[in-house]
2 protein chains.
Amino acid sequence: MADINMSPKIVNGLAERPGATGAAAAASEPIWDIIELLFFAYRDFVGDPDEVLSKLGFGRAHHRVLHFVNRNPGMKVADLLEILNITKQSLGRVLKQLVDQDFVLQKEGAQDRRQRLLYVTPKGEALALKLAGLQTQRITRAFAELGPGAHEAARRFLTAMTDADNRDDVLRLIARAERTARRG
Amino acid sequence: MADINMSPKIVNGLAERPGATGAAAAASEPIWDIIELLFFAYRDFVGDPDEVLSKLGFGRAHHRVLHFVNRNPGMKVADLLEILNITKQSLGRVLKQLVDQDFVLQKEGAQDRRQRLLYVTPKGEALALKLAGLQTQRITRAFAELGPGAHEAARRFLTAMTDADNRDDVLRLIARAERTARRG
DNA sequence: AAAATATGTCAACATGGCTGACATAAATAT
DNA sequence: ATATTTATGTCAGCCATGTTGACATATTTT
């Protein structure tokens, strides 16, 4: 794998097996290892929170809502819909449960009173942090194995894997949340 | 680089449960950027195939089955169940559709005639490669942005992110499939 | 012959997506 | 001031894909 193909390539010969990892055009061979590792890594990554959530009668959908509300307190419902890329009906179901069970609360917007701005309650923040803690444990363990520079490398890789279209939005979102979190 | 799992030093038994760190310094604050980037990167990563699949009336479940059967021709149903970690009833539904529509075929096991060994048809292989091609495009684009060493770094990161329990199985699975693929 | 195994199937249910239609309050435009 | 648009919520139902439990069938193992 990752062959630095040095064998004398018969360039004009064409019809060569696409195994050579050259910068060749379209028909390059699938990068199976990354494809499969992403599958397994993500599965395990979300698996930790799933266990905790299921005990509360929640699922991954609740986790996503709770996560982004915790990270972006005061966000509008519309913003959340855009991030999650689901319909308001889908969101409505899980959001209602989170509100009813006192993990999330909604406050009327100050300037625009149609808006229902979203906040986590202390209970909600505790759960969000618990779930993030599980995932952080895994990430920390991985970084420890990999040595210095691993965090930066992972961030660069994952950033490069996102849609170029959304990338700015994603990075801005993360940056904005970092700022908000620092607010204490 | 041949061996993915030359696992560097897992030196100290740094038992990192959250808060157990002697240092009073902020009981390991969540690593928000990686958590969120994984969410967005994975979403985009599976989004490409999803579009193609939906035109065929298939979903992500079909993709997973097709992928692993393509990568591990002749695998047993039981093996697939274990990899996907779903029930046979869930698998049965999507597998039946794939078989009925001639993407996958089942052959009676030679030694054990109870087994229904799974293979992709040419049609199935074509679809599997098309989907893998989309994902490979994204990965290739990312690696091109990141410069040399990106593939190795990504593989190491993702490997480190998988459960330590499963890691050997995962790596063996990937290695086995690589071998099988080379056969062609 | 009996028991275990590999697989398939029927039925029912849960979660979390979706669409479409409609309701309400508040902001905005005419 | 009225009309329209916007932000949000809700009802009803469909779909995909996961679940459990029970049972059937063929084949291998004991």
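On a predicted model such as this, the values are computed, not experimentally measured, just so you know. Just so it is clear: chains get the letters A, B, ... in the order the sequence lines come, proteins before strands, and each one is counted from 1.
A straight line from CD of A:Glu82 to P of D:dA7 spans 11 Å, rounded to a whole angstrom. C:dA6 atom P lies 11 Å from atom CG of B:Leu81, rounded to whole Å. As rounded to whole Å, 10 Å separates atom P of D:dT17 from atom CZ of B:Phe58. With rounding to whole Å, B:His63 atom NE2 is found 13 Å from D:dT17 atom P. In this structure, B:Arg60 places its CZ atom 11 Å from P of C:dC18, rounding to the nearest Å. To the nearest angstrom, P of D:dT27 lies 18 Å from NZ of B:Lys107. The interatomic distance linking A:Lys96 (NZ) with D:dT8 (C1') rounds to 14 Å, in whole Å. We find that CG of B:Asp50 is positioned 14 Å from C1' of C:dC18, with the value rounded to whole Å.
One finds the CG atom of A:Leu146 at 12.0 Å from the NE2 atom of A:His151 (value rounded to the nearest 0.5 Å).
Note on B:Gln97: nothing from the nucleic acid sits closer than 4.0 angstrom, heavy atoms only. Counting any heavy atom pair closer than 4.0 Å across all strands shown, B:Gly92 reaches no nucleic acid atom.
Comparing atom distances between the B:Arg64 side chain and each of D:dG9, D:dA7, D:dG18 picks out D:dG18 as nearest. Of the listed nucleotides (D:dT8, C:dG8, C:dC18), C:dC18 has the atom at the smallest distance from the side chain of A:Ile86. Distances from the side chain of B:Ala61 to the nucleotides C:dG8, D:dG18, C:dT19 place D:dG18 closest. For B:Ser90, counting side-chain heavy atoms from C-beta on, the closest listed nucleotide (D:dT19, C:dC18, D:dT17) is D:dT19.
At a threshold of 4.5 Å between side-chain heavy atoms, the hydrophobic network of Ile, Leu, Val, Met, Phe, Trp and Tyr places A:Leu105 and A:Leu129 in two separate groups.
With hydrogens and angles left out, the side chain of A:Gln89 and the base of C:dG20 share a donor-acceptor pair within 3.5 Å.
Ring centroid separation for the pair B:Tyr42 and A:Phe45 does not come in under the 6.0 Å cut-off.
Counting only distance, with no hydrogens or angles, the side chain of A:Arg60 and the backbone of A:Asp50 share no donor-acceptor pair below 3.5 Å.
If you find the closest nucleotide of DNA chain C to A:Arg116 and to A:Asn85, the one lying nearer the 5' end belongs to A:Asn85. Toward the 5′ end of DNA chain C lies the nearest nucleotide of B:Arg114, the other residue of the pair A:Arg93 and B:Arg114 mapping further downstream.
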